[in-house]
Amino acid sequence: MIKQILGKLPRKPSKSSSSNGSNHNEVSPLNSNSNSYGVTNSSNNSKGLGNTGKIMLNSTSSGTSQVTSNGNHVPVKPNQGKKTVRVNGQVGPSVMNPVLSYEVLPSFRDVPSAEKQNLLIRKLQMCCVLFDFGDPTKNLKEKDVKRQTLLELVDYISAVNSKFNEVTMQELTKMVAANLFRTLPSFNHDNRLLDMFDPEEDEPTMEPSWPHLQVVYELLLRFVASSETDAKLAKRYIDHSFVLKLLELFDSEDQREREYLKTILHQVYGKFMVHRPFIRKAINNIFYRFIFETEKHRGIAELLEILGSIINGFALPLKEEHKLFLVRALIPLHKPKCVAMYHHQLMYCITQFVEKDFKLADTVIRGLLKYWPVTNSSKEVMFLGELEEVLEATQAAEFQRCMVPLFRQIGRCLNSSHFQVAERALFLWNNDHIINLIIQNRKVILHIIFPLLEKNTRGHWNQAVQSLTLNVRKIFSDADQALFDECLEKCQEDEISNKETQERRELTWKRLEDIAASNFVSTEAVLVSRYASSVVIANSAN
């Protein structure tokens with residue numbers, strides 16, 4: 001009975017059976033402390049490939065055995081083929097054993113058409129192996145073989161003239177994920193480093209594995225943009241999780257990587273309509289975290305560049321969702337200190353909204369006033385430039401709603417001691433559309449800014465600012481002389497009144513000082529009324 005049971009158990013393969021595939025790809029055992037990578041091939045796809053050397057790849061099977069090219073099963077320990085090694089900040093299969101042989105597969109030109117699909121899968125699996133780029137002298141031959149294989153894959157994907165099947169999509173996205181998706185260096189764990197980080201001053205770190213990453217990005221771009229990629233089928237693999245991992249990479253320090261990501265994400269947005277709401281929401285979440293939590297992200301400019309193109313394609317009338325995006329994400333992006341890093345792209349997005357729906361001008365202008373800088377002069381200059389772009393697309397009705405708070409702020413800029421701020425504010429009168437809006441509402445606006453113009457003409461230290469101020473005064477004088485004279489007269493009266501008030505205040509302080517000097521040794525309290533003419537001394541005993 002026991003012999004019958006033992007006879008049914010699977011026997012361990014003999015050495016002779018495992019050596020039958022020596023003329024084809026063989027699975028080489030690794031040391032006990034290293035990974036084991038196997039290639040799963042059927043007996044059919046081994047024909048026409050010839051002697052291709054030993055190739056160690058990440059096994060895509062979850063079983064306990066590997067299959068050689070002639071169909072023999074080789075037992076694998078449970079912990080082999082599964083363990084991942086972190087190399088250069090990446091998690092995935094890696095080449096760490098110096099005895100590993102990683103040789104090139106035959107070219108697509110050297111195999112029959114019927115075998116090209118199987119060869120494509122094998123090349124994709126081969127490129128899942130990662131190398132350590134921290135040491136430039138390590139695995140030089142293997143790195144070059146992988147790069148050449150990736151370049152060949154790019155050419156093949158570009159030239160293919162039939163639809164990609166599901167197996168190809170699965171293996172391609174798996175290879176892309178293995179190479180691209182990795183943990184980026186972050187400052188968020190250390191507040192001291194977070195405060196020290198300055199994207200405008202710090203030199204960015206170039207990605208050492210870029211020679212491989214660039215080709216992988218190019219391969220993904222060609223795949224997504226290809227007319228042979230069926231979006232309905234590919235969306236199973238380029239899914240929400242894939243898109244989120246792409247978005248995480250926008251925080252890369254290497255600008256070359258961010259440029260590729262920008263192009264690829266834009267292609268994904270255009271091809272996969274089902275992902276569009278999710279992509280917009282995911283970008284929103286990145287903005288919220290950046291604005292209200294960290295104020296540290298390297299890819300805000302690239303994300304805004306994508307959004308500029310997306311906003312340009314919004315249908316009219318604008319959906320409420322898009323208006324909320326403007327109010328909750330785009331306008332608050334003016335708040336962070338590093339707004340200069342992405343202000344050009346942000347300004348384009350803002351003006352796109354106003355051009356599509358002029359009624360949003362009031363909302364945008366009030367938003368700018370809310371986040372207007374107080375002590376940052378260079379940021380004020382940027383805001384004035386953006387304000388001019390918004391006013392260029394503003395209609396009279398929306399202008400009237402916000403002109404009072406707007407020109408109070410412009411008036412403060414006119415009197416700024418920083419000549420660039422004052423000069424940029426005065427340049428608003430060089431815009432014909434803005435001048436027309438101002439002249440139409442001059443009875444309100446001139447009363448607000450006339451005293452400030454007079455102050456500039458008499459006392460600003462910069463000659464260019466004084467000259468520009470005189471030009472603005474002349475514009476108002478030519479438009480409505482009577483109103484100009486009225487404002488001038490009122491300004492002079494206010495100056496006389498202010499002077500009298502100042503004299504009374506100084507007299508009050510003088511009397512107070514005299515009384516304090518005469519009672520400095522006593523315990524009497526001195527009370528001064530609000531009127532300068534009466535000073536009352538009250539005895540503390542009373």
Side-chain angles (χ1 to χ4, degrees), residues 181-205 207 240-241 243-266 268-269 275-311 321-353 363-364 367-368 370-374 376 378-380 382-383 386:
F181 300 156
R182 62 204 189 280
T183 302
L184 297 173
S186 174
F187 292 92
N188 294 342
H189 65 282
D190 191 332
N191 290 331
R192 185 175 59 84
L193 291 177
L194 187 65
D195 294 335
M196 291 169 58
F197 174 72
D198 185 356
E200 296 184 27
E201 299 293 337
D202 296 351
E203 282 293 325
T205 303
E207 176 59 51
H240 288 180
S241 174
V243 170
L244 278 178
K245 291 183 182 298
L246 274 181
L247 286 169
E248 288 175 5
L249 294 174
F250 272 88
D251 201 17
S252 170
E253 286 191 62
D254 197 325
Q255 187 177 3
R256 301 169 298 180
E257 183 170 14
R258 298 199 303 270
E259 286 296 320
Y260 259 109
L261 286 164
K262 177 184 70 177
T263 308
I264 291 169
L265 186 63
H266 191 267
V268 170
Y269 187 89
H275 291 339
R276 290 182 179 182
F278 177 80
I279 291 173
R280 292 196 300 268
K281 183 178 179 181
I283 293 176
N284 275 7
N285 291 337
I286 291 175
F287 287 165
Y288 294 152
R289 178 172 173 78
F290 170 70
I291 296 165
F292 302 111
E293 294 183 21
T294 65
E295 289 196 11
K296 307 295 176 186
H297 197 286
R298 302 175 183 92
I300 299 297
E302 286 78 12
L303 290 171
L304 285 170
E305 205 166 328
I306 297 170
L307 285 171
S309 179
I310 293 173
I311 295 166
E321 169 201 349
H322 302 329
K323 294 179 183 179
L324 287 175
F325 167 66
L326 168 68
V327 173
R328 295 178 179 177
L330 289 185
I331 292 178
L333 275 172
H334 291 87
K335 176 187 174 185
K337 297 176 183 177
C338 58
V339 65
M341 299 293 293
Y342 56 82
H343 184 257
H344 179 73
Q345 293 83 357
L346 176 60
M347 182 171 65
Y348 178 77
C349 292
I350 294 285
T351 51
Q352 284 289 307
F353 268 105
T363 302
V364 169
L368 284 173
K370 177 181 179 181
Y371 294 105
W372 200 277
V374 178
N376 191 332
S378 61
K379 195 172 176 182
E380 273 193 282
M382 286 189 296
F383 273 50
E386 182 177 354

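In what follows, residues are counted from 1 in the order of the sequence shown. Here the structure is a predicted model, which is why all the values come from computation and not from measurement.
Here the CG atom belonging to L307 is positioned 4.5 Å from the CZ atom belonging to F325, to the nearest 0.5 angstrom. Of the inter-residue distances, the one linking T263 atom OG1 with R258 atom CZ reads 13.0 Å to the nearest 0.5 angstrom. Atom-to-atom distance recorded for L333:CG and C349:SG is 9.0 Å, nearest 0.5 angstrom. Here the CD1-CZ distance, from I300 to F290, works out to 5.0 Å after rounding to the nearest 0.5 Å. Of the inter-residue distances, the one linking L346 atom CG with L303 atom CG reads 12.5 Å to the nearest 0.5 angstrom. The CD1 atom of I279 sits 7.0 Å away from the CD1 atom of I310 when rounded to the nearest 0.5 Å.
H275 meets the side chain to side chain donor-acceptor pair (under 3.5 Å) test with no other residue; sequence neighbours excluded. Under the ring pair (Phe, Tyr, Trp, His ring centres under 6.0 Å) criterion, F287 pairs with no residue at all, not counting sequence neighbours. Every side chain to side chain donor-acceptor pair (under 3.5 Å) that S309 has, sequence neighbours left out, goes to H266. Listed by chain and residue number, Y269, E321 satisfy the side chain to side chain donor-acceptor pair (under 3.5 Å) test with R280 (two or more places apart in sequence, or in another chain). Not counting sequence neighbours, the partners of S252 by the side chain to side chain donor-acceptor pair (under 3.5 Å) test are E257. Looking at residues two or more places apart in sequence or on another chain, you find a side chain to side chain contact (heavy atoms under 4.5 Å, CB included) between E305 and K262, Q345. Considering only residues two or more places apart in sequence or on other chains, H322 meets the ring pair (Phe, Tyr, Trp, His ring centres under 6.0 Å) condition with F314. Listed by chain and residue number, N376 satisfy the side chain to side chain contact (heavy atoms under 4.5 Å, CB included) test with S378 (two or more places apart in sequence, or in another chain). Every residue meeting the ring pair (Phe, Tyr, Trp, His ring centres under 6.0 Å) condition with F278, not counting sequence neighbours, appears here in chain and number order: H240. Not counting sequence neighbours, the partners of H334 by the ring pair (Phe, Tyr, Trp, His ring centres under 6.0 Å) test are F383. In this view, K245 and F181, S241 satisfy the side chain to side chain contact (heavy atoms under 4.5 Å, CB included) rule, not counting sequence neighbours.
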Go through the steps to decide whether H344 and L304 satisfy the test side chain to side chain contact (heavy atoms under 4.5 Å, CB included), and finish with yes or no.
CA-CA 9 Å; H344 179 73; L304 285 170; over 6 Å; no

Please assess L246 against E248 for the test side chain to side chain contact (heavy atoms under 4.5 Å, CB included), listing each intermediate value before the final yes or no.
CA-CA 5 Å; L246 274 181; E248 288 175 5; over 6 Å; no

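No side-chain heavy atom of L261 sits under 4.5 Å from any side-chain heavy atom of E302. Two residues are said to be in side-chain contact when any heavy atoms from C-beta on lie closer than 4.5 Å; I350 and L368 fail this criterion. When side chains are defined from C-beta on, R328 does not count as touching N284, because their heavy atoms never get closer than 4.5 Å. Counting only heavy atoms from C-beta outward, the side chains of L330 and I311 approach each other to under 4.5 Å.
Annotation: salt bridge (Lys or Arg N to Asp or Glu O under 4.0 Å) contacts involving residues 339-348, sequence neighbours excluded, are absent.
Here the side chain of D251 pairs a donor or acceptor atom with the backbone of R298 at under 3.5 angstrom. In this structure, Y348 contributes its side chain and H343 its backbone to no donor-acceptor pair below 3.5 Å.
Annotation for E259: atom CD counts as buried by contact number, over 12 foreign heavy atoms lying within 6.0 Å.
Looking at every heavy atom in both residues, I331 comes nearest to G367 through CG2-CA, 3.7 Å. The two residues K379 and K335 have their closest heavy-atom pair at NZ-O, 3.1 Å.
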